[in-house]
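Below, chain A is the first sequence line, B the second, and so on; all start at residue 1. Only a predicted model underlies this, so the values are computations on that prediction, with no experimental measurement involved.
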Amino acid sequence: MGILVLPSVTTNLYNSSNSYTHSKAKINNDQNIRRDTDIISLLQQNRKNLKHVESIHGRAIKKGTEQDSFVVFELVRIYCKLKSIDHATKLFHSTHNPNVYLYTSLIDGFVSFGSYSAAIGLYGQMGHNNVLPDSYVVTSVLKACVLQPALRCGREVHGQVLKSGLGLDRSVALKLIELYGKCDEVEDARKVFDKIPERDVVARTVMMASYFDHGMVEEAIEVFNGLKTQDTVCWTAMIDGLVRNGELNRGLEMFREMQVKGVEPNEVTFVCVLSACSQLGALELSRWIHMYMHKCNVKFNQIVVGALINMYSRCGDIDEAQLLFDDMKVKDVSSYNSMICGLALHGMSTEAIELFREMLKQGISPNSITFVGVLNACSHGGLVELGFEIFQSMETLHGIKPHIEHHGCMVDILGRVGRLEEAYNFIERMGAQHVDDKMLCALLSSCKIHRNSEVGEQVAKRLSECSKMDSGSYIMLSNFYASLGRWNFAAEFREKMEKGGILKEPGCSSIEVNNVIHEFLSGDLKHHERRSIYQKLEELNYLTKLEGYSPATEVALHDIDDKQKELALAVHSERLAISYGLISTEPHTTLRVVKNLRICDDCHAMIKLIAKITSRKIVVRDRNRFHHFENGHCSCKDYW
DNA sequence: TAGCGAATAC
């Protein structure tokens with residue numbers, strides 16, 4: 001039995017006129033003859049005020065026109081728009097024989113209210129009541145299927161539309177592409193796309209987004225290139241897709257190309273571009289984009305400013321982020337989240353927690369992202385007890401069930417300060433669904449830092465049993481066993497990784513000098529100034545050793561002798577980037593380096609000394625957080 | 001004589 005009951009339909013949906021001629025369907029047009037135009041125009045004038053609408057509704061009842069299908073239609077729509085879904089539902093159910101327009105309006109209402117199952121249920125009920133569907137109502141129910149997501153229902157609707165001999169309406173087709181895309185059925189999405197007679201810019205944008213969602217970058221580009229002219233939305237979808245797939249520079253190139261073609265970017269475009277900038281950590285470029293936004297008369301709404309705050313904090317300029325935040329007239333939970341997460345990223349734990357408290361004072365309810373930021377702040381600041389207090393308050397005070405990320409934060413909080421048994425017990429107490437490889441990896445890293453092999457081995461065992469191990473997990477396991485001197489285990493995980501065809505993500509650091517981003521891999525020899533870079537590095541090695549630096553050779557993993565290990569450490573990508581920064585910028589200029597992986601202990605110790613010797617501020621963003629090095633110290637206070 | 005389209009941050 002199907003989930004949905006629909007009458008067979010003989011009209012052609014593609015032409016979209018609903019002829020109401022089918023013999024089995026009840027024809028509910030009798031009330032349609034009357035139309036209370038006075039009430040309708042009154043409703044339209046007062047549609048923003050619930051009280052007024054209610055009183056006009058009362059007037060219609062007095063006049064006896066409350067069953068006029070046009071009046072009911074208008075009322076249901078307005079009630080839904082005013083978020084009064086109860087009014088709308090009640091009215092709908094008191095209406096005799098609601099027609100397809102009325103069903104559509106309430107289904108839409110349920111969708112905008114987030115009640116997707118209710119929307120799908122109502123559509124099924126429409127079938128039971130033999131009301132003929134049309135392309136509008138099908139589009140509406142498919143919207144619910146997309147958002148739920150409900151693949152089976154969506155397929156059933158698709159099947160029924162096809163079986164009924166209808167041509168495929170274009171809006172229906174667009175929603176089907178979206179549905180299949182969202183439900184990992186990209187091939188089906190493509191089949192629907194290929195059936196659309198006119199594959200215009202909108203259809204292509206939907207298809208592109210589906211491809212991008214599944215990492216099919218080249219396929220998306222092909223769809224994009226199939227268009228003669230692309231509009232702002234299509235370009236934006238392109239930039240967004242590239243950025244989401246980690247193709248940051250390509251995304252920025254597209255942004256430039258868009259300008260060359262004379263297509264104007266809008267707020268959404270900039271939000272995508274800012275995301276690329278923030279991931280790259282390119283501060284100069286970001287500042288330029290920010291200025292350019294003013295030139296383009298961008299509306300600085302909350303999402304845009306949130307993106308700017310995020311961009312400045314991720315590019316290392318937390319002060320600018322703070323200024324933007326302070327200037328915001330209206331701050332919502334997302335604005336606070338951006339700022340709290342930014343402060344946490346910079347290890348400004350006290351400030352992050354203060355801001356969280358201020359937010360509560362302002363009566364703004366925190367959401368699950370707020371707690372990720374706040375707990376991260378606790379972790380970076382070594383604030384164990386406060387972390388626990390806040391973690392517990394999530395459910396008791398704010399009614400938010402902790403997710404896996406929050407549990408991860410707690411494990412981190414305990415791990416960083418060396419309370420490893422407690423961290424492990426915390427994991428043990430959680431259900432398996434709350435434990436993931438990331439969490440175990442982080443704890444194993446803490447075990448390694450605190451040299452606790454006992455807990456470490458238990459964690460390592462659990463991690464190696466994890467089904468979703470990525471290159472980071474293998475490397476972590478290998479590093480852990482190497483740090484214990486158990487080379488055979490270390491080698492075993494390396495081998496497993498190679499055999500599984502899993503590639504190690506190479507360490508990569510970048511630094512922006514004169515608006516150009518210079519990237520360095522570990523031991524990189526490709527840079528045109530490599531000679532001077534390595535010369536500087538040698539000098540730094542010598543000077544830092546005089547200051548007491550001694551290479552922590554156990555962090556280098558391979559089973560090689562100490563001299564070789566020292567060499568492997570000496571050319572870590574962040575050191576190359578810093579050396580290049582030192583030779584290519586004026587004295588006292590702050591150096592900002594972005595690294596894709598976590599910084600190692602050895603580089604951390606050495607950079608502290610480099611900052612001291614050269615009297616430079618050095619800001620390093622690693623995968624986890626910011627490190628501000630100055631005069632021999634790091635802002636992370638060696639917790640990271 | 002009524003109602004559908006694509007891209008947004010933490």
Side-chain angles (χ1 to χ4, degrees), chain A residues 13 16 18 29 32-37 40 43-44 68-77 80 99-109 111 134-143 169-175 177-178 181 196 200-210 212-213 223-224 230-244 265-276 278-279 301-311 313-314 321 332-345 366-374 376 405:
Chain A
L13 275 190
S16 183
N18 212 7
N29 288 12
N32 294 358
I33 299 157
R34 273 180 300 142
R35 185 187 186 188
D36 194 335
T37 46
I40 289 165
L43 280 171
Q44 281 163 354
D68 173 342
S69 76
F70 289 88
V71 169
V72 185
F73 173 75
E74 210 56 49
L75 273 167
V76 168
R77 261 165 49 97
C80 289
N99 63 19
V100 68
Y101 293 99
L102 205 53
Y103 273 101
T104 312
S105 58
L106 190 58
I107 289 172
D108 274 336
V111 170
D134 63 7
S135 66
Y136 288 85
V137 77
V138 171
T139 306
S140 295
V141 76
L142 285 176
K143 258 187 247 172
D169 174 82
R170 116 172 235 89
S171 291
V172 171
L174 294 180
K175 278 284 159 256
I177 298 173
E178 214 182 318
I196 302 179
D200 67 359
V201 65
V202 178
R204 283 180 188 268
T205 307
V206 178
M207 192 62 233
M208 272 165 56
S210 289
F212 276 128
D213 283 345
V223 172
F224 180 81
Q230 297 97 343
D231 63 5
T232 301
V233 177
C234 191
W235 275 102
T236 305
M238 187 69 200
I239 295 168
D240 171 54
L242 287 169
V243 174
R244 274 192 292 130
N266 63 14
E267 285 80 44
V268 184
T269 321
F270 279 110
V271 169
C272 301
V273 171
L274 292 176
S275 167
S278 73
Q279 289 181 61
N301 63 30
Q302 284 170 340
I303 296 183
V304 173
V305 180
L308 279 167
I309 291 173
N310 177 44
M311 183 266 291
S313 52
R314 289 186 61 96
D332 64 3
V333 57
S334 306
S335 325
Y336 277 95
N337 287 352
S338 301
M339 197 63 225
I340 289 172
C341 291
L343 290 166
L345 194 66
N367 60 22
S368 117
I369 298 164
T370 319
F371 286 103
V372 174
V374 178
N376 260 325
E405 305 96 293

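- Atom-to-atom, CG of Leu142(A) to C1' of dA6(B) comes out at 16 Å; the value is rounded to the nearest Å.
- Residues passing the side chain to side chain contact (heavy atoms under 4.5 Å, CB included) test with Ala307(A), sequence neighbours excluded: Val271(A), Leu274(A).
- Atom pair Ile303(A):CD1 and dA7(B):P shows a separation of 13 Å (rounding to whole Å applied).
- Distance alone, capped at 3.5 Å, places no donor-acceptor pair between the Arg314(A) side chain and the Gln279(A) backbone.
- Thr104(A) comes within 4.0 angstrom of a base, heavy atoms only.
- Both geometric conditions, a ring-centre gap below 5.5 Å and a plane tilt below 30°, are not fulfilled together for Tyr101(A) over the base of dG3(B).
- Set against dA6(B), dA7(B), dC10(B), the side chain of Ser338(A) has dC10(B) as its closest nucleotide.
- Between dA2(B), dA9(B), dA6(B), one nucleotide has an atom nearer to the side chain of Phe70(A) than all others, and that is dA2(B).
- For Asp231(A) and dA7(B), the CG to C1' distance is 9 Å, given to the nearest whole Å.
- In terms of the salt bridge (charged side-chain N to carboxylate O under 4.0 Å, His left out) criterion, residue partners of Arg244(A) (sequence neighbours excluded) are, by chain and number, Asp213(A), Asp240(A).
- Rounded to whole Å, atom P of dG3(B) lies 13 Å from atom NZ of Lys143(A).
- Closest to the side chain of Ala237(A), out of dT1(B), dA7(B), dG3(B), is dA7(B).
- In this entry the distance linking CE of Met339(A) with P of dA9(B) reads 19 Å, nearest Å.
- Per the stacking criterion (ring centres < 5.5 Å, plane angle < 30°), Phe73(A) does not stack onto the base of dA2(B).
- Nucleic acid contact class of Asn376(A) (heavy atoms, under 4.0 Å, all strands): none.
- Of the charged side-chain nitrogens involved, none lies within less than 4.0 Å of a carboxylate oxygen, so that Asp108(A) and Arg77(A) do not count as a salt-bridged pair.
- For Leu102(A) and dC4(B), the CG to P distance is 14 Å, given to the nearest whole Å.
- Counting only N and O atoms by type, the side chains of Ser334(A) and Asn337(A) include no donor and acceptor under 3.5 Å apart.
- No engagement by Ser140(A) is indicated, since no non-hydrogen atom pair under 4.0 Å with the nucleic acid exists.
- Within 4.0 Å of Asn266(A), counting heavy atoms only, lies at least one base atom of the nucleic acid.
- Counting atom types as modelled, Asp134(A) pairs a side-chain N or O with a base atom of dG3(B) as donor and acceptor under 3.5 Å.
- Within residues 267-276 of chain A, the residues having any heavy atom closer than 4.0 Å to DNA chain B are, in order of number, Val268(A), Val271(A).
- Applying the 3.5 Å distance criterion, the base of dA2(B) shares a donor-acceptor pair with the side chain of Asn99(A).
- Computed from coordinates, the Ile177(A) CD1 to dA7(B) P distance equals 12 Å when rounded to whole Å.
- At a threshold of 4.0 angstrom between heavy atoms, the contacts of Arg204(A) with the nucleic acid are absent.
- The CD1-P distance, from Ile107(A) to dG3(B), rounds to 17 Å in whole Å.
- Listed by chain and residue number, Arg170(A) satisfy the salt bridge (charged side-chain N to carboxylate O under 4.0 Å, His left out) test with Asp200(A) (two or more places apart in sequence, or in another chain).
- Residue pairs meeting the side chain to side chain donor-acceptor pair (under 3.5 Å) criterion with at least one member in residues 230-239 of chain A, sequence neighbours excluded, are Thr236(A)-Thr269(A).
- Judged by distance alone, with hydrogens and angles left aside, the side-chain atoms of Asn376(A) form no donor-acceptor pair with the main-chain N or O of Ala344(A) at under 3.5 Å.
- Within 4.0 Å (heavy atoms only), Asn367(A) reaches no atom of the nucleic acid at all.
- Residues that satisfy the salt bridge (charged side-chain N to carboxylate O under 4.0 Å, His left out) test with Glu74(A), not counting sequence neighbours, are absent from this structure.
- Each of dA7(B), dC4(B), dG5(B) was ranked by its minimum atom distance to the side chain of Ser171(A); first place goes to dC4(B).
- Checked against dC4(B), dC10(B), dT1(B), the side chain of Cys341(A) finds its nearest nucleotide in dC10(B).
- At a threshold of 4.0 angstrom between heavy atoms, the contacts of Val206(A) are confined to the sugar-phosphate backbone, with no base atom among them.
- Scanning atom types as modelled, one donor and one acceptor separated by under 3.5 angstrom connect the side chain of Thr139(A) and the base of dC4(B).
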